[in-house]
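As structure tokens, the structure follows; a few thoughts come after it.
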Amino acid sequence: MSVSTSSRRLMVQAQAASGGERRQRRRRRPLLLRDSGQVGAMSRRMVRRVLERNIEERYRAGHIGTEDALHLFDELLQVAGPSSTRAINCLLYVVGRDCPALGVSLFNRVARAKVPPHNVTYSILIGCCCHAGRLDLGFAAMGNIIKLGFAAEAMFSFSHLLRAVCAENKTSYAMDIALRRMPEFNCTPNVFSYSILLKGLCVEKRSQEALELIHMMVDAGGSCQPNVVSYSTVVDGLLKEGEVNKAYSLLCEMLHQGISPNVVTYSSIIFSMCKVQAMDKAEEVLQQMFDTGILPNITTYNSLIHGYYSSGQCEEVVRIFKKMSRNGVQPDIATYNIQMDYLCKSRRFAEARTIFDSMAGKDQKPNVTSCSILLHAYAMEQSFHDMHCLIELMVENGIAPDHSVYNILIVVYAKGKMVDEVMHIFTKMRQQGLNPNAANYGTVINLQYWPNG
DNA sequence: GTAGGGTTAG
């Protein structure tokens with residue numbers, strides 16, 4: 001399957017999403033070439049060089065937004081030549097980061113221009129395909145990389161694919177790609193590739209295999225030794241599966257290798273302790289962090305806040321908030337969501353709504369999780385009017401429903417034996433590119449609802 | 001241009 005042909009639908013979607021942006025962009029004056037007469041006066045090559053240098057400098061300084069990148073892309077493509085690859089990569093990366101589907105469509109324009117394909121350009125393209133949920137296009141692009149003879153240097157492209165394959169819970173397949181196929185192309189997996197596999201195994205609750213893989217890395221004794229990310233990933237996986245002793249042994253192995261735990265390692269340990277409401281132990285680890293000069297961040301504090309709420313120790317939550325404030329750590333969206341969830345579970349819906357409404361003012365716009373928490377509360381109360389208003393608010397603010405939101409709606413409709421509505425939810429999910437998950441099917445089965453039964 | 005920790009549904 002060729003990328004340019006099979007991504008046509010994606011391009012149409014991207015262009016529709018940008019609201020005919022391209023037409024508007026053409027009408028705007030160029031950012032750098034203020035007078036088209038200048039183009040005639042200066043040589044094409046000189047214009048190109050100025051533009052390329054400007055783009056690269058602004059990119060390095062982090063001064064290019066998506067809109068700017070789109071305008072600069074139009075300008076650069078008019079004069080682009082073989083030297084433009086680096087500047088084009090900067091622009092593709094910026095656009096693809098915000099709107100991956102648009103990144104794919106820009107790549108197709110690059111492919112038609114007189115700019116030779118480059119390994120980095122392809123890796124950005126593959127990243128866009130994967131983020132747009134089009135792994136098929138990502139693999140098609142990898143086919144092109146192999147044909148062009150870039151495979152040996154395609155580490156970044158492989159990383160994108162490995163991550164996307166693992167995200168589909170197909171870590172065994174990702175392992176086959178990394179450990180068998182990549183070496184066949186003389187592309188040896190690096191510590192990033194291994195970390196992706198380790199994380200994939202842990203997510204699939206195969207942390208024992210992750211442990212074996214990390215030991216395999218050590219035993220191989222090559223240049224690809226596990227680092228703090230690899231170890232923290234597996235320690236986290238083991239703890240989440242309740243393998244506390246194995247996690248502790250691995251931490252000792254890490255220290256023995258001369259690798260010190262960092263804020264992520266500590267936060268992961270604190271999270272596991274909070275999860276089982278071992279708050280005293282979590283506080284001991286927190287103190288150990290301070291003693292070793294590693295400062296907790298908002299993720300660390302959120303675990304503690306959640307732990308104290310779950311164990312009904314609200315006064316301790318107040319203490320943690322004060323401690324956070326003293327240490328200059330601001331609450332983030334997850335903090336507010338944890339608070340809202342606690343309030344909703346205590347049936348204090350109005351207070352939860354107050355937090356929800358105040359979030360935007362605190363520069364923390366509610367996300368799909370915030371909406372899901374509130375929607376669930378309304379569903380429990382059978383407040384259909386509030387549910388309806390909240391869904392409208394989500395649409396207005398461009399917050400796409402996720403599995404959780406749909407599940408709440410499935411429960412509501414299934415409880416009311418509203419067969420057509422339940423089927424409609426499943427259809428809507430698929431239209432949005434969301435496959436109903438085990439929880440969604442489980443909901444229907446648990447409610448003894450069966451469309452043809 | 002690639003990797004790790006926290007919040008929601010059943």
Side-chain angles (χ1 to χ4, degrees), chain A residues 86 89-90 92-94 96-97 118-128 130 153-163 166 189-200 202-203 210 226-237 239-240 261-272 274-275 296-307 309 331-342 344-345 366-377 379-380 401-412 414 437-447:
Chain A
R86 198 190 291 263
N89 290 343
C90 298
L92 269 180
Y93 178 73
V94 170
R97 196 178 46 192
H118 191 271
N119 188 24
V120 175
T121 323
Y122 268 101
S123 90
I124 298 167
L125 167 70
I126 292 183
C128 288
C130 293
E153 304 96 55
M155 183 68 75
F156 289 76
S157 296
F158 275 118
S159 288
H160 286 299
L161 291 177
L162 292 176
R163 195 179 148 110
C166 288
N190 65 8
V191 70
F192 285 76
S193 329
Y194 276 100
S195 290
I196 295 165
L197 300 178
L198 293 168
K199 166 81 175 159
C202 291
V203 166
N227 61 13
V228 67
V229 175
S230 332
Y231 279 112
S232 302
T233 305
V234 182
V235 165
D236 183 69
L239 287 173
K240 283 181 175 147
N262 64 13
V263 65
V264 177
T265 328
Y266 277 113
S267 297
S268 168
I269 296 166
I270 289 175
F271 169 80
S272 292
C274 292
K275 195 81 181 167
N297 61 19
I298 188 58
T299 305
T300 329
Y301 285 117
N302 281 340
S303 292
L304 288 158
I305 292 169
H306 195 222
Y309 270 139
D332 70 357
I333 192 150
T335 324
Y336 295 120
N337 288 342
I338 292 165
Q339 276 191 301
M340 279 174 48
D341 185 52
Y342 164 74
C344 287
K345 284 182 175 142
N367 60 11
V368 66
T369 307
S370 329
C371 296
S372 186
I373 291 165
L374 213 50
L375 194 70
H376 183 239
M380 299 289 278
D402 64 0
H403 284 105
S404 168
V405 169
Y406 282 121
N407 208 53
I408 293 161
L409 298 175
I410 292 169
V411 170
V412 167
N437 64 14
N440 304 133
Y441 288 120
T443 301
V444 176
I445 292 165
N446 285 339
L447 289 163

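So you know, we letter chains A, B, ... as the sequences are listed, proteins then strands, and number each from 1. Heavy atoms only: backbone and side chains are in, while hydrogens, waters and symmetry mates are out.
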Closest to side chain of A:N297, choosing from B:dA9, B:dT7, B:dG5: B:dG5
Touch class at under 4.0 angstrom, heavy-atom based, for A:I298 against every strand present: base
Touch class at under 4.0 angstrom, heavy-atom based, for A:S123 against every strand present: base
Sugar-phosphate, base or nothing in reach of A:V235, heavy atoms under 4.0 Å: nothing
Sugar-phosphate, base or nothing in reach of A:N89, heavy atoms under 4.0 Å: nothing
Sugar-phosphate, base or nothing in reach of A:S195, heavy atoms under 4.0 Å: base
Rounded interatomic separation in angstrom, taking CD1 from A:I338 and P from B:dG5: 15 Å
Touch class at under 4.0 angstrom, heavy-atom based, for A:V234 against every strand present: nothing
Aro-ring/base stack A:F156-B:dT2, d under 5.5 Å, angle under 30°: no
Below 4.0 Å: OP1/OP2 of B:dG10 and any side-chain N or O of A:H376: yes
Presence of A:K199 side-chain N/O under 4.0 Å of B:dT2 phosphate oxygens OP1/OP2: no
Partners meeting side-chain contact (heavy atoms from CB on, under 4.5 Å) with A:C130 (sequence neighbours left out): A:I126, A:L135, A:H160, A:L161, A:A164
Sugar-phosphate only, base, or nothing, as touched by A:T265 at under 4.0 Å among non-hydrogen atoms: base
